[in-house]
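This report refers to the structure that appears directly beneath it.
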Amino acid sequence: MKILSVLLVVLFSVLLISCDQQKVNIPDSVKVSFEEMFPDATEVEWEMENDNGWEADFELDGKEASACFTINGEWIETEYEVEDLPETIETIVNETYPGYKIDEIDMVESPEFNGYEIELENGEEELEILVTRNGEIVEVDMNQDENELIEEE
């Protein structure tokens, strides 16, 4: 029984080491684009988003961030952790969604959008909204059973 226990511990250890040593094969074009955009990034972890894209989660200036790239190294989007909203935008969000509390804020930059992604909560109900830097709410994602997307005009 003692030998079996030792063998199981050794087998488990070998499995952990082999899983830890698996390398993610990130295309050079993606790595080069990332390093050019974020030369000061630390604690970079890569994940293949889908067949056409890669996402890097990293630390930048002590805050969490993520950036997405196509497999050809074309930048898609960057999200930065933000602690507080500008007062004018916070007022707009609070007036538009009374009863909701701001749960998480990210600054989003992409070729199509530059603004804030804000997660709101009201009890069990959750919303995720996109707000431009000018305070215009451009998209609302209701995180319910259907995960229905509603576009604001």
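These numbers come from the heavy atoms of this one structure, side chains and all, not from hydrogens, waters or symmetry mates.
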If you measure from [atom1] on [X] to [atom2] on [Y], what distance do you get to the nearest 0.5 Å?
X	Y	atom1	atom2	result
E43	L60	CD	CG	11.5 Å
T132	N114	OG1	CG	9.5 Å
E47	E45	CD	CD	9.5 Å
C68	E77	SG	CD	5.5 Å
L120	D103	CG	CG	8.5 Å
T70	D51	OG1	CG	13.0 Å

Polar side chain donor-acceptor pair, E64 to Y80, under 3.5 angstrom: no
Ring-ring centroid check F34 W46, cutoff 6.0 Å: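 Ring centres of W46 and F34 closer than 6.0 Å.
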What are the two closest heavy atoms between [X] and [Y], and how far apart are they?
X	Y	result
M107	G115	SD-O, 3.0 Å
S29	I71	OG-O, 3.2 Å
D106	V82	C-CG2, 4.1 Å
I89	R133	CD1-O, 3.5 Å
I76	S110	O-CB, 3.3 Å
N25	W54	O-CZ2, 3.5 Å

Side-chain donor or acceptor of S33 paired with backbone N/O of G73 under 3.5 Å: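 Answer holds: yes.
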Any donor-acceptor pair under 3.5 Å from N50 side chain to G53 backbone: yes
Linked, directly or transitively: F69 and V32 (ILVMFWY side chains, under 4.5 Å):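 No; tracing contacts between hydrophobic side chains, which count when under 4.5 Å, never links both residues.
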Test item: D57 and V44 side chains (from C-beta on) under 4.5 Å apart, heavy atoms: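 No, every pair of side-chain atoms sits at 4.5 Å or beyond.
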